[in-house]
Amino acid sequence: SSQGGRQAEEERAADAPALTIAMITHQAPGDTFWDLVRSGAEDAAAKNGATLEYSSDPEAAKQATLIRTAIDKDVDGIAVTFAKPDALQGAVDEAAEAGIPVVGLNSGIEYWQEAGLIEFFGMEERLAGEAFGDRLDEEGAEKALCVIHEQGNVGLEERCEGLEEAFGGDVDRLNVDGASMPDVSSSITSRLQEDDEVDYVATLGAPFAMTAIDAVAATGSEAAVATFDTNEEAIRAIADGDLEWAVDQQPYLQGYMAVEGLWLHVANGNTLGGGTRPVLTGPSFIDAGNVDEVAEHAAGGTR
Amino acid sequence: MGPAPALPAPGASEKELRAGRVPPLRRLAARPELGSLLGAVVLFAVFFAAAEPFRQAGSLATVLYAASTIGIMAVGVALLMIGGEFDLSAGVAVVTASLATGMTAYQFNLNVWAAAGISLALALLIGFLNGLILVRTGLPSFLVTLSVFLMLQGLNIAVTKLVTGSVSSRSIADMDGFDSVRAVFASSVPVLGTEVRITVLWWLLFTALATWVLLRTRAGNWIYAVGGSADGARAVGVPVAKVKIGLFMTVGFFAWFSGMHLIAASGGVQQSGEGVGNELLYIMAAVVGGCLLTGGYGTVVGAAIGAFIYGMTKQGIVYAGWDNNWVMFFVGAMLLLAVVVNSWFRSRAGGRR
Amino acid sequence: MGPAPALPAPGASEKELRAGRVPPLRRLAARPELGSLLGAVVLFAVFFAAAEPFRQAGSLATVLYAASTIGIMAVGVALLMIGGEFDLSAGVAVVTASLATGMTAYQFNLNVWAAAGISLALALLIGFLNGLILVRTGLPSFLVTLSVFLMLQGLNIAVTKLVTGSVSSRSIADMDGFDSVRAVFASSVPVLGTEVRITVLWWLLFTALATWVLLRTRAGNWIYAVGGSADGARAVGVPVAKVKIGLFMTVGFFAWFSGMHLIAASGGVQQSGEGVGNELLYIMAAVVGGCLLTGGYGTVVGAAIGAFIYGMTKQGIVYAGWDNNWVMFFVGAMLLLAVVVNSWFRSRAGGRR
Amino acid sequence: MTGNDRGADRADGAAAPDTAQPGGAALDGAEQGGTEQGGAAPLLRLIGAGKDFGNIRALSGVDLEVHAGRVGCVLGDNGAGKSTLIKILAGLHRPTSGTYLVDGEPVEFSSPREALDRGIATVYQDLALVPLMPVWRNFFLGSEPRAGFWPLTRLRVAEMRATADAELKKMGIDLPDIDAPVADLSGGQKQVVAIARAVYFGARVLILDEPTAALGVKQSGVVLRYVRAARDAGLAVVFITHNPHHAHMVGDHFTVLRLGEVELDAPRSELALDDLVHHMAGGAELDALEHELGR
Amino acid sequence: MTGNDRGADRADGAAAPDTAQPGGAALDGAEQGGTEQGGAAPLLRLIGAGKDFGNIRALSGVDLEVHAGRVGCVLGDNGAGKSTLIKILAGLHRPTSGTYLVDGEPVEFSSPREALDRGIATVYQDLALVPLMPVWRNFFLGSEPRAGFWPLTRLRVAEMRATADAELKKMGIDLPDIDAPVADLSGGQKQVVAIARAVYFGARVLILDEPTAALGVKQSGVVLRYVRAARDAGLAVVFITHNPHHAHMVGDHFTVLRLGEVELDAPRSELALDDLVHHMAGGAELDALEHELGR
Ligand SMILES: Nc1ncnc2c1ncn2[C@@H]1O[C@H](COP(=O)(O)OP(=O)(O)OP(=O)(O)O)[C@@H](O)[C@H]1O
Ligand SMILES: Nc1ncnc2c1ncn2[C@@H]1O[C@H](COP(=O)(O)OP(=O)(O)OP(=O)(O)O)[C@@H](O)[C@H]1O
Ligand SMILES: [Mg+2]
Ligand SMILES: [Mg+2]
């Protein structure tokens, strides 16, 4: 996942000032996806001799407060997930006033530029949903179930919306309680018992895909399972043929690039994407065709 | 040969006539759980009428499974609540137990049963600490268990990250003992032609056992007493501190059991961020089933019915195909309905609580 | 000229000498909030020592802001808790109020102040319903407000979805009245050279006001009474039902105020899924500050200190640069520490609660 | 008499029935042995009142009259229904059968507030104090004196403390700290606070449920004097006790309950102390006891 | 006597002190007027005991002896410290100063269980019953009879109900439903349940804190008879009351507390009923009262 010039970077890192970079996301605690983002960010920071201060809060107002905390600490750069642009705008403006560069990652691809962020690394959720829907059409699916594991989360909604728009067949949504796997499992089971026409279950996060596979098996339904995002188990399941595919947005890369981009900006005045274009990290598909190569990195905790 | 004084002849033994013995029906109606049973029956009828798939045996099995995952914990939580305390850390403690099993088995390359033993010890220790802090400081259980809840939530994530380098435990599905663990904690058994998850049977067993303990043993007597009036119980020599600590450890045991189910059902992988919010569901099940939040009153059977009501509502909405965005609203409304029916019924039945 | 009987001369007026008047220091030490104040001071010292950025005035302002968003609600929640009830729906009710303002302003093209009025009416209505159901059914507040919590959570999402087609409200930042709303609910004012968020000032004002009401008005007397012994209060003619409903409506008012801050601070957009879990923080603030969960005891100043402790811990960890994965653990540990210090101190001070 | 200048502070604007007392003038302070069945109309009257708790019949078919200027004693065994009876009078329970008349008109009190507003003050056996509140707040609870205009109406705190302290001193209780929560008082001290409050606010009818049970001889004496003084001031008093000596010292009329029904209903003139003791002890029991234990 | 076959059921294996009662034989059933200061060693003894609650001094420098086969009465005004004194004896409070000796050896009870295990049974003024539990469960709470082997040890439910019912009947209380929660009983009925329990389990020392306060004449009689019977059976009884008549009927020794200190400490032989009444009422007060109210 690294571009050339690694050598050069390391040399520069040696005599560059030790930067402090804050990354502030809207992650809910203990989510494997965000763990990959953070790993990427930490690796990039370590490589550049920078200090990474990671913090998160799923509530917009509290995420904004965390940004202010970073400003108080006078960090050298801030990376934020821009999922709730309006609520974060004020804090981002304050950072600009304080002369701290802010980059966006993961969410907010439509807003980052307008909001005055200098760079953006991520994927458009809706686009990912559309890609998912197109793929369903290719597979000849008739009816899909979109499993939302956190009700009221904008990003998840957008994925389902994109899927609905692109997919030719029917899409039903199912809200489940993501904090309780038994609930995810029995809700999917109930739904499949109620509606035997569903032939694809789309989960919006990798851990839920694993539970969905079990639930489908328990029902004796023919439905296949595919998911957004990946983790180690999901990749193994793809290799085993239990999971059809995963739409990957390369979270490790998002975290890595956000820190790298900030570092380059501060240390060398570079702006990735030129300040007008986002750096896209997805969507890409992981399926039986390319899973082996990914699996190797996944085991290392970087995919 | 006790030294009790010789009793003087009872001077006034005329029969008090006014109030007859309580008729059996009335007595039945005054039982704490009967109102919620009525609520459960009403809900069942609603879904039976509204949702065609709900009528199949397989669906009932799914509903029972959903109920059992709440219900097993609700057994412990109900006992604790009758004993006058509650435990906000119960939801994450389940995940702690699951993670502990997964990580010790993987890291030390242990047989899964051995890891389960270590995890059990840990779960009991958490319960013990909860109880000990409570008893020593005299703080309300809300505060103590909220602190422990937050600490466990942090520990689950931080320790998992530290140990595995990721925020979920590594798969132990191919390790020694996992298959038998799975058979005990997360298999299905055919009952009357339908595959029923084994947790349902465990749930019924635990409920029966806890009911026996409550009603027919000294421990049960003490649980009611410390919940009803800790000072009163202490004054007649009930070891209040021990009973409370024991109850927290009982919750710990059930958290371990539920955690074992989680890890067995998920092929050995456990996400460290889960479990938050479930503690309210356990308490809800107990309270819907007629346990008083203030302690001293309630039954475990009631808690089981409460868990069933929750499972039925949650899944019934899916079976009925009602708009999924409204699911929380329906759950809330059903809960309110169930408890209102419950309390209305109880007041009709002449009790005064 | 009341018809009180002529008093017979007090037959025995010898002075009881044994117990002197209570020394002022002792009396101060017996105040419910003093222990938590001590806890706050200790925590402040810890972070002052551990985190260099924490020492700046700007950081204190951020900490105070974080505390104020919890603290404003904690005022209402503490009053309610002193009155013997608690409200699990308080967290989502804030978001309901925020959504209501955003959506009515946008959909009906209203001045934001008019939308705020409608939202206020709605928030008070939610409080009123909470109280009414509680008083009418006699159910414990845990159950009633848990149902309302679930229902509101569902309604927030479902209605938003229905109205806007998405799960967040539309921006009202460019609508009439938004600027003045923002100035009132979410601006900053310079205090001693530092920009302080206006919510901090509101928080202090509300705390002072509520303290006055509690200690110096009849309403305050009644709040303590219904919390301390509802039966006793009813027997001497306190309108228990009205007081309780009024308290729930007070919480509704503060939920509206906090909701207005949310929408003003977020440029008029509100996510419908937020707010869950905050209700525990409000309760936590009140309890850390010395309010008894069972009612009848506590102060609003204590709740403010509790909110400050929370805000300080949460932000202090970030200032100190401690690992994010451990943040929950630290929050839990600090909470435990604060309340243990609190209760230890109180027992030293000779009180018996 | 400081007690008198508080009339203006009453929170509720209830009819202050000081002058309009039916028959008050005729009865005032006088001893009217056997005449109360005729004469003036009763202030309170129960006709055939009954009360069931679920399947327990606590009271049935009880007739009772309460007259101004006299002390009606209600006596009876444990569980006879005395407390239930006075809770009906106080508006805390509604009778399940029968009628309750106040000043001759039928009422259905839905809360004790309504009874208080009609001048019926009660000291319950289970006290009805709020344990965690300071003594002086408890004393004025429900009838707080206030000053200032809305929305700045505030409590007259200094006056409340001073009055509470003074009233308690009059009953022989000198508390080291009027700010102490009621929970810190001894059983008897609590009882005295409750009685002092009811007496201070007592309007027309004062109902006392076993007020002397927890009291020492001295405090009992104070309470009995109060009862007597209240009667002489024209109040109606309903006095419940297990102590026939106390009852006989102050009572004008005696009602003995037994298993929820009226067993005996007689004016003082028809009943000697010994009869009363006999009735309360179940006939010859007390004699036997005295004899058995006498040394 | 059914009470006798329960010894085997005692949950705790505490020393059953039935035979080893110090001085028991000498005192048994006999009247020994003024000899207790010498003679046998006291079962319980307090030397200079004091107790502070925060800044309130409830007791100071109290000496007390409790002897087998005699009834010690503790008397005093409200708030004099009587309840505090017996809570120390019962192991519920630890004295802040002074020594507490049981059978001549100093003890520091950290829970009432330990006192119970040494044969000290107490009926508290605030009862110590659990309101929501059925009567029979309350009756046996803390000393439940059990059957079967671990882990299947179960309660002897049928026996418990029958015994509780029988014991209460003996005290003149016939409950319609032994399964009713204690909260549904009248004040006096509750008191009787608590006393019946203490008497049934009372091993060597029976402590009663105002047991007759809430009781009718009949029930009071039953309690007094029990006290007498317990004494005759060789138990030591500590009896707290406000009623000098009751005290004088059964007491062998009288201790009057005043403001937390011992004001009077005298055997029965040195004290007539009138003296006692005078002491309790604060001298001439009662006379005045009798006179003032006498009609
Ligand atoms: N709330 C209630 N629910 C059920 N039963 C009740 C209730 N209140 C009283 N009882 C029953 O009604 C009967 C009468 O009780 P009450 O308290 O009136 O007696 P009492 O005459 O005041 O007795 P005491 O002298 O012991 O105070 C008793 O049998 C009691 O158990
Ligand atoms: N737990 C406590 N905390 C503070 N003060 C207490 C406590 N218990 C008792 N007191 C105080 O100690 C004194 C003695 O109380 P105690 O209950 O022993 O009196 P008593 O002699 O039993 O009175 P009564 O006859 O009214 O029951 C009283 O002034 C009381 O207020
Ligand atoms: Mg009574
Ligand atoms: Mg006492």
Side-chain angles (χ1 to χ4, degrees), chain B residues 1-23 26-27 30 32 82 84 209 212-213 215-242 292 294-298 350-353, chain E residues 1 3-4 6-7 11-12 16-18 21 90 92 111-113 116-117 122 124 127-133 137 140-144 146 153-155 157 169-172 174-177 179-180 183-184 197 199-204 218 221-222 225-226 228-235:
Chain B
M1 342 79 358
L7 295 175
S13 72
E14 347 98 25
K15 190 88 186 147
E16 310 227 343
L17 296 165
R18 158 177 51 158
R21 302 281 145 177
V22 186
R26 270 279 164 83
R27 180 172 288 182
I82 293 171
L209 203 70
W212 180 78
V213 169
L215 297 182
R216 284 292 172 268
T217 71
R218 188 175 68 175
N221 219 28
W222 288 1
I223 292 171
Y224 276 112
V226 299
S229 162
D231 286 341
R234 186 175 298 112
V236 294
V238 174
V240 175
K242 275 190 209 151
L292 279 189
T294 44
Y297 188 76
R352 31 179 224 142
R353 270 157 307 275
Chain E
M1 210 190 83
N4 266 351
R6 72 201 156 47
D12 44 279
D18 35 357
Q21 260 168 45
L92 208 66
S111 88
R113 172 85 269 164
L116 277 168
D117 287 350
T122 310
Y124 299 94
L127 296 173
L129 293 173
V130 182
L132 290 179
M133 281 176 89
R137 284 186 185 266
F140 283 95
L141 187 58
S143 315
E144 295 86 350
R146 293 183 298 162
T153 349
R154 58 186 192 282
L155 298 179
V157 173
K169 280 217 186 72
K170 276 187 209 152
M171 299 200 69
D174 186 10
L175 295 174
D177 182 8
D179 267 317
D184 283 357
R197 176 175 68 183
V199 168
Y200 182 72
F201 289 105
R204 298 197 295 159
K218 189 162 76 188
V222 175
R225 269 201 214 92
Y226 260 90
R228 189 60 172 280
R231 188 196 80 134
D232 292 347
L235 272 74

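Throughout, protein chains are lettered first and strands after them, A, B, ... in sequence-line order, and every chain is numbered starting at 1. Computed from a predicted model, the values in this text were never measured in an experiment.
What you find for E:V130 and B:S229 is that their closest heavy atoms are CG1-N, 3.8 Å. Scanning both residues, E:V157 and B:R216, for their nearest heavy atoms gives CG2-NH1, 3.4 Å.
Under the salt bridge (Lys or Arg N to Asp or Glu O under 4.0 Å) criterion, B:R234 pairs with B:D231, sequence neighbours left out. Residues satisfying the side chain to side chain contact (heavy atoms under 4.5 Å, CB included) test with B:A219, not counting sequence neighbours, are B:V213, B:T217.
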Margin query: Could you go through E:T122 and B:V236, starting from their C-alpha distance and side-chain angles, then the distance that decides it, and tell me whether this counts as side-chain contact (heavy atoms from CB on, under 4.5 Å)?
Written below: CA-CA 8 Å; E:T122 310; B:V236 294; over 6 Å; no

- Which is it for B:Y224 and E:L141 under the side-chain contact (heavy atoms from CB on, under 4.5 Å) test, yes or no, and what are the steps along the way? CA-CA 10 Å; B:Y224 276 112; E:L141 187 58; over 6 Å; no

Item to complete: Show your reasoning for whether side-chain contact (heavy atoms from CB on, under 4.5 Å) applies to B:N221 and E:M133.
Response: CA-CA 9 Å; B:N221 219 28; E:M133 281 176 89; 3.3 Å; yes

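Between chain E and the options B:G295, B:A230, B:P239, B:A235, heavy-atom pairs under 4.5 Å are most frequent for B:A235. Annotation: maximal heavy-atom pairing with chain E below 4.5 Å, among B:A225, B:G296, B:G232, B:G228, occurs at B:A225.
To the nearest 0.5 Å, the span separating CD1 on B:I82 from CG on E:L132 amounts to 11.5 Å.
At a 4.5 Å heavy-atom cutoff, the contact between E:T153 and chain B is made by backbone atoms alone.
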